[in-house]
Amino acid sequence: MIMSRIQAPPDEAQGNLTDRLLAGLPPEAVLSDPDVTASYAHDMASFCPAGAPAVVVLPRTVEQVQHVMRTATELRVPVVPQGARTGLSGAANACDGCIVLSLTKMDRILEINPVDRIAVVEPGVVNAVLSRAVAEHGLYYPPDPSSWETCTIGGNIGTGSGGLCCVKYGVTAEYVLGLDVVLADGRLMTTGRRTAKGVAGYDLTRLFVGSEGSLGIVVRAVLALRPKPPRQLVLAAEFASVAAACDAVCRIMGTEGRAALPRKDDGGRRAGGHVPSLLELMDRTTVRAVNDLTRMGLPETTEALLLAAFDTPDPAADLADVAALCEAAGATQVVPAEDAAESELLLQARRSSLPALEAVRGTSMIDDVCVPRSRLADLFTGVERIAGRHGLTIGVVAHAGDGNTHPTVCFDAADPDEAARARASFDEIMALGLELGGTITGEHGVGVLKKEWLARELGPVGVEMQRAIKQVFDPLGILNPGKLF
């Protein structure tokens, strides 16, 4: 529907497009060399088609973004917004003849306010840069995608990114208070607030978070901050089965687990379930892949490795509780870190998991199915069956505390049969996630890769309403066409 309302500009219109853009942009901001524009064609997702951009634009100001969108509207040219292109769903992939609008040059931190606990940033600010900047003020920006050293805040907002700390601190959407957005026709709209509370009108801010650039171009964001927590301590627990590890996750997160460990002095800590700052799970395939890549010497006899962390005032006591719960669930060994250096060493194994799995066969396809915590074991077991049925290596690493799993299909992209089996297994994993009461994406977004599955999850009425919203904000269908629906 949306693609039918626009078309790529013919070759003779290419020069007109470039000239019109240059009327409001400096020459260095407009790239038209095909060898250069080709490098902006896609993000990091597998199995996602990408077209050839007509031009790449790198604006530095809001006014320049507005000029791009006015030009695109007048000429009916599609616009594909991009950040650092670290996404895993094809949401930033170009379509033929489009304007790629790369926002990486809009990279200023405009304000850090310790009293109001907010930061105001442009979309090209790198996540890790912001995190370090606010830390100097004793503050903390929690969302931490695994690509946090390179991914941008605008990209995080566009895909609704998560990360390792979501189990305690939540996802990107919970930290976006307000936005400045350039609409498809070039108008500038402000949503949300700078205050801690605010319920005026529809929550348009949340509507833009996770919209993958299909409703407007985020050019400024007001982000909520927290006080910087103490350094976290980490515990590693080995299990003889994934089922036992998932049982430990349920014990840790469930209120029954807390009640099973009475304390003489609870020190004012929470009386219900534990709230770790991190709770990650790696299956045996992932552990062995990490060993092959890093030579870290992780125990290859383990079937599952669980990492738990606390950044509370007394993390050692919390880890002692969790150690007892892991042992009750059948852990064969529990190793708590004694200090921050040991904690960082343990976390390095988790951070290495995805590149390690990619190295298994040369290419990897990373899913991010999210299921209720109580169904984690069923997801792991189901993925193992799918891997066996297709004769593939599929490692699973999970943000176990919030049920967000990353089954990673390892395959040789040069082998057509193996690539076809990889794609089939990927789809079966998404179907499994829905069967278990989950969702097809917990943090990577829909993009091109999962748009057929989005329709299955939402149902026909849900898709109809979402398309209606798209029509209001982008009546010509020029904003990131072919994504989501």
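Just so you know, these numbers come straight off a predicted model, no measurement behind them. Residue indices begin at 1 and follow the sequence shown.
Pairing each heavy atom of Ala289 with each of Leu357, the nearest pair is CB-CD2, 3.9 Å. In terms of heavy-atom proximity, Ile217 sits nearest to Val65 at CG2-CG1, 4.0 Å. Between Asn93 and Lys483, the shortest heavy-atom contact is O-NZ, 2.6 Å. Between Met365 and Leu449 the shortest heavy-atom distance is CE-CD1, 3.6 Å. Ala45 and Ser89 make their closest contact through CB-N, 3.5 Å (heavy atoms, listed as atom of the first residue, atom of the second, distance).
Between the side chains of Thr286 and Asp283, a donor-acceptor pair is found at a separation under 3.5 Å. Ser343 and Gln232 form no side-chain donor-acceptor contact under 3.5 Å, judged by distance and modelled atom types alone. Side-chain atoms of Tyr169 and Asp311 include a donor-acceptor pair closer than 3.5 Å.
The six-membered or imidazole ring of Phe426 lies away from that of Phe47, with a centre-to-centre distance of 6.0 Å or more.
Using a 4.0 Å cut-off between charged nitrogen and carboxylate oxygen, Glu111 and Arg194 count as a salt-bridge pair. Ionic pairing of Glu428 and Arg385 is not present here: no N-O contact between side-chain nitrogen and carboxylate oxygen is shorter than 4.0 angstrom. One finds a salt bridge joining Glu149 and Arg132 here, because a Lys/Arg side-chain nitrogen approaches an Asp/Glu carboxylate oxygen to under 4.0 Å.
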Pair Arg251-Asp321, salt bridge (Lys or Arg N to Asp or Glu O under 4.0 Å): steps then yes or no: CA-CA 11 Å; Arg251 291 170 185 255; Asp321 283 356; over 6 Å; no
For Asn156 and Trp148, run side-chain hydrogen bond (donor to acceptor under 3.5 Å, both in side chains): C-alpha distance rounded to whole Å, both residues' side-chain angles, the deciding distance at 0.1 Å, then the answer. CA-CA 9 Å; Asn156 294 168; Trp148 78 302; over 6 Å; no
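Screening Ile112, Val125, Leu130, Thr172 against Leu223 for a side chain to side chain contact (heavy atoms under 4.5 Å, CB included) leaves a single residue, Leu130.
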